[in-house]
Amino acid sequence: MNISIVGSGYVGTTIAACLADFGHEVTNIDIDETVVEKINAGKTPIHEPGLEDLVAEHGGNRLRATTDYAAVRETAVTFLALPTPSTDSGSIDTSIIETSTRSLADALADKEESHLVVIKSTVIPGTTEEVLLPILDATATEETTRHQVAVNPEFLREGSAISDFKDPDKIVLGTDTTESHQRLTSVFEPFLAESDTAVVETGIREAEMIKYANNVFLSTKISLINELGNVCKEYAVDAYEVADAIGLDDRICERFLQSGVGWGGSCFPKDTKAFVAAARDAGYEPSLVEAAIEVNDKQPVRLLNLLEAHVDPGGNRIAVLGLAFKPGTDDIRNSRALPTIEGLRERGAEITAYDPVAAENMRERFPEIEYAESAREALADAHGAVVVTDWDEFAALDEEFDRMADPVVVDGRRVITRRNGIVYEGLTW
Ligand code: UGA
């Protein structure tokens, strides 16, 4: 099948490469010429484990890229994999996806056969039918067949996007006609033939909401384990042992039960805020999700309060270990390191930050703090340390703490294994 995908971010490039790997002819459309050149030369524009090999194999062959929307006319299906960022009020900003849909509509204006436009981006229920479909319909003429829309949300995690795409828990197909359902199903046919993955066949609005429900549920689950962990800490109870035990109940499940300094990244913070804004717009006050956001905002403050109980950050050097929003990425968007560094600066601390891959991104945000080449170097003349990202390499720190004058370590991710000879505080244990 000939498929086009608009957007070459981690979602767009991942699905383009994986669909080419399933045997489809795929065209990736992006406004960035450098990205287009890279893909055609078999080079990945983003870092994602496993993507390099797939783009090297298919780039320039079954996977091609272009800046020209006219390419969609040669395809039967177009996936829109574009960002839906937050506005200042927290609601979603659909301007990027609207502009792109306009370009798509112009390109499809004289296409006689019907075309299926599939929304991959995270959008509030009603957006596809009430905002995007009218844009497509505006250019339709008597001669052209009415275009179809569908919603196929993605559940890929940065750092494991390829394996999440190839081995998903579920595939959600939100359609409103038999024709669009059949066409969307045929995109996944080569994969479904060899897999027993659950396929959720549903309506367009339900598919839009499933994506929000998934992310809102997971982030609220983490905030709940964080709140339990905060209370555990007050009672000198190890929250990780508690989480291990309750995770054995398959109604709860052990995944996403790691308590600590909270959730970040480009999805959970944006999607929880957009969900709250959409609920309020509809006249409903989503107090539980608001509380989940509040707990998340407070975790870095608790981390700093714990540090302050042992060492005054004012005028002292504090090492911040981990800057990425999670291990395996250099992405610092909404990383818990941001409020942690801001809080330390407000308290007058001298900061040395270290991350194996995200330091350069953080340097653009905080050029005035110091950056170390290793955790060892960051700890060398520090009076205290906070751990913000659970990079495996932090588990092996041991003699590094001996180099500190009075080692105080506040661990926001339960990653440090050393307990003796240092003042060790786990955030939730
Ligand atoms: C998340 C979802 O997990 C994906 O299913 C979804 O497709 C994606 O958002 C999206 O909407 O595009 P991602 O943001 O890549 O994926 O990262 P996660 O692995 O979910 O981690 C999010 C945050 O939660 C990280 O800051 C992580 O450290 C934190 N976390 C995760 C915890 O604090 N505790 C946990 O137990 C798990």
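First listed ligand is number 1; within each ligand, the first listed atom is number 1. We use all heavy atoms of the structure for the numbers below, so side chains are in, but hydrogens, waters and symmetry mates are not.
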Peer 1: For ligand 1, is any non-hydrogen atom under 4.0 Å from N215's backbone (N, CA, C, O), its side chain (CB onward), both, or neither?
Peer 2: side chain
Peer 1: Any idea which part of Y212 is under 4.0 Å from ligand 1, heavy-atom wise: side chain, backbone, both or neither?
Peer 2: neither
Peer 1: Is there a heavy atom in R413 that sits closer than 4.0 Å to ligand 1?
Peer 2: yes
Peer 1: Just going by heavy-atom distances, which of F268, F256, F325 is nearest to atom 37 (C) of ligand 1?
Peer 2: F256
Peer 1: If we only consider heavy atoms of G260, is any one of them less than 4.0 Å away from an atom in ligand 1?
Peer 2: no
Peer 1: What are the atoms of ligand 1, with element, lying closer than 4.0 Å to any heavy atom of E158?
Peer 2: 15 (O)
Peer 1: Could you establish whether K211 and ligand 1 come within less than 4.0 Å of each other, counting only heavy atoms on the residue side?
Peer 2: yes
Peer 1: Under 4.0 Å, heavy atoms only, figure out whether ligand 1 is touched by the backbone of L156, its side chain, both or neither.
Peer 2: backbone
Peer 1: If we only consider heavy atoms of G265, is any one of them less than 4.0 Å away from an atom in ligand 1?
Peer 2: no
Peer 1: So, applying side-chain hydrogen bond (donor to acceptor under 3.5 Å, both in side chains) with S8, which one of N28, T14, T44 is it?
Peer 2: N28
Peer 1: Answer with yes or no whether T122 contacts ligand 1, where contact means a heavy atom under 4.0 Å from a ligand atom.
Peer 2: no
Peer 1: Show every donor-acceptor pair shorter than 3.5 Å between a side-chain atom in residues 407-416 and any protein atom, with sequence neighbours excluded, or say none if there are none.
Peer 2:
| from | atom 1 | to | atom 2 | distance (Å) |
| --- | --- | --- | --- | --- |
| D411 | OD1 | R413 | N | 3.0 |
| D411 | OD1 | R414 | N | 3.1 |
| D411 | OD1 | V415 | N | 3.4 |
| D411 | OD2 | V415 | N | 2.8 |
| D411 | OD2 | I416 | N | 2.9 |
| D411 | OD2 | Y424 | OH | 2.7 |
| R413 | NE | V388 | O | 2.7 |
| R413 | NH1 | G262 | O | 3.2 |
| R413 | NH2 | G262 | O | 2.8 |
| R414 | NH1 | D238 | OD1 | 3.4 |
| R414 | NH2 | D238 | OD1 | 3.3 |
| R414 | NH2 | D238 | OD2 | 2.8 |

Peer 1: Could you tell me if S100 and S103 have a donor-acceptor pair between their side chains, going purely by distance under 3.5 Å?
Peer 2: no
